[in-house]
Number of protein chains: 2
Amino acid sequence: MSSASASEPETGEILPDWVRPIVKESLSERAYRELRVALMRGQLRPDTRLRLRPMSARFGISATPMREALLRLVSEKALALDARGSVVVPRLALDQLLEIRAIRTDLEGRAAAAAIASPVAEIDALEAIHAQIAQCHARRDFARAVNLNTEFHLSLCRLGRMPILSEIVELLWVRCGPILSHLYDDGVPDWEPHPHRRIIDALRRGNSDAARDAVREDIERGGSGLFAHVRASPAG
Amino acid sequence: MSSASASEPETGEILPDWVRPIVKESLSERAYRELRVALMRGQLRPDTRLRLRPMSARFGISATPMREALLRLVSEKALALDARGSVVVPRLALDQLLEIRAIRTDLEGRAAAAAIASPVAEIDALEAIHAQIAQCHARRDFARAVNLNTEFHLSLCRLGRMPILSEIVELLWVRCGPILSHLYDDGVPDWEPHPHRRIIDALRRGNSDAARDAVREDIERGGSGLFAHVRASPAG
DNA sequence: GTATGTAATTTGTTATAACAAACATCGCGC
DNA sequence: GCGCGATGTTTGTTATAACAAATTACATAC
């Protein structure tokens, strides 16, 4: 992340970096965030029912904030409502997966093209993430590799400094979370040279077209492992 | 809209078109939808505070579902929370407006390219909307013209048959709603030939590249009237 | 008039209770 | 064993109350 001082109120004094504004977080928000990362990490399987009262008991909060957290994720389509009104982890259809891939092609491609102006330190950080991915592949820790891959893509998006775009892309990744865990069921193929390398090289060379193309190739290849784990028809 | 029968449960019998499944709508959802269209129509001005209890009184519901509706719009960034935790209509910054325009260029462009496969009847419907826009311009009813323009773009997106993409674009239009009303403060320029015409022609010819380019030109021209009504710096 | 302190109101947040509908359980009859 | 009905539980939904923090109103002092 970049320094938060840009949007901080002016105090007239230089404060140490670790002095951050204390964000008061409501119970509803905490539950929301915890559920969201669980989804993105693939820790919730499709068709899992998240019943209101058991959930609020697990979180140690009452039904009201729990419901708010669940409904918020429903409105992001990260969760869904079944016929009864119960919250369930949705099952992604093939159509939807293809559509998300197409949208990501556009948006992550644009973010990558915009990211060529990034300071070297941030590109280094991106490369460090990919280095970790390579390590995980070497020791066949596919679960961690998939999560790091998510982090790679979201970090790349943030480099583009388009907050609204980043937020949309993140939403798409959250929606894919529940099936991402399937990616390492069969093991993940290891390309040589990895598309991530081409992305990083393009960023360093400042070539926006190359960056966009590299991202698009990465997205096209990367998602294909998911198709086997997805139904052809939407819902029902 | 297209026929809903595709996702309906199989009854084994042919039902009349007007037989639609009764959707039970919670109070929270109704308040949410009403507020949402009010936003999209530009009926809520930036910086308006939407206090919880007065709002629930106006809607004739209790605080719980009202709060859910408001928080849902907050999570879509169609509304925002101020320092006190009150819900306010956000003020769009120039950065954000430019970013939204860029994203719309990608997404609406893709939708238009995908829409070339649409049946003629639906293209006709799109053209009918533009005809209404032209009429509104003639009688200088700019308020209605702006709302119809929104409808034109969202209808075009739906023609692309990419539901997730449509939903994202709709979100962006909701976020722009509160400043869209400013568009007709100064009157809206009338281009000849109007970019909408080029879009429709491209759809009829089945030329996806032309459709995409026409949409992009429309977006570039159309948004420029907003810049005067937007602040350069984000928030504070 | 201005400042200040206090009381009253209003704010967002959370917990709890009440309600109807859906679901599950169990027992009974055959 | 199988169907069926009564019953008890659990579900989502909504309203209400309690709480603290913030805001406003107002009276008092200077």
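First the proteins, then the strands, lettered A, B, ... as listed; each starts at 1.
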Which residue pairs pass the side chain to side chain donor-acceptor pair (under 3.5 Å) test with at least one member in residues 50-63 of chain A, sequence neighbours excluded? none

Can you tell me which residue pairs pass the salt bridge (charged side-chain N to carboxylate O under 4.0 Å, His left out) test with a partner in residues 63-72 of chain B, sequence neighbours excluded? A:R67-B:E68, A:E68-B:R67

Please work out which residues in residues 63-84 of chain B have a non-hydrogen atom less than 4.0 Å from an atom of DNA chain D and list them by number. B:A63, B:T64, B:P65, B:R84

Pairs satisfying salt bridge (charged side-chain N to carboxylate O under 4.0 Å, His left out), at least one member in residues 172-182 of chain B, at least two apart: A:E167-B:R175

Residues in side-chain hydrogen bond (donor to acceptor under 3.5 Å, both in side chains) contact with A:D47, at least two apart in sequence or another chain: A:R91

Are the side chain of A:R110 and the backbone of B:D106 linked by a donor-acceptor contact shorter than 3.5 Å? no

Can you name the side-chain hydrogen bond (donor to acceptor under 3.5 Å, both in side chains) partners of B:E29, sequence neighbours left out? none

Under a 4.0 Å heavy-atom cutoff, the residues of residues 44-61 of chain A touching DNA chain C are A:R53, A:I61

side-chain hydrogen bond (donor to acceptor under 3.5 Å, both in side chains) filter on A:S86, not counting sequence neighbours, yields A:R49

Tell me, which pairs form a ring pair (Phe, Tyr, Trp, His ring centres under 6.0 Å) where one or both residues lie in residues 151-171 of chain B, sequence neighbours left out? B:F152-B:H196, B:H153-B:W173, B:H153-B:H196

With sequence neighbours left out, write down each residue that passes side-chain hydrogen bond (donor to acceptor under 3.5 Å, both in side chains) with B:E170, or none if nothing qualifies. B:R36

Please name all residues satisfying side chain to side chain contact (heavy atoms under 4.5 Å, CB included) with B:A111, sequence neighbours left out, ordered by chain then number. B:C157, B:L165

For a 4.0 angstrom threshold against heavy atoms of chain A, report the outermost contacting nucleotides of DNA chain C in 5' to 3' order. C:dT14 to C:dC23

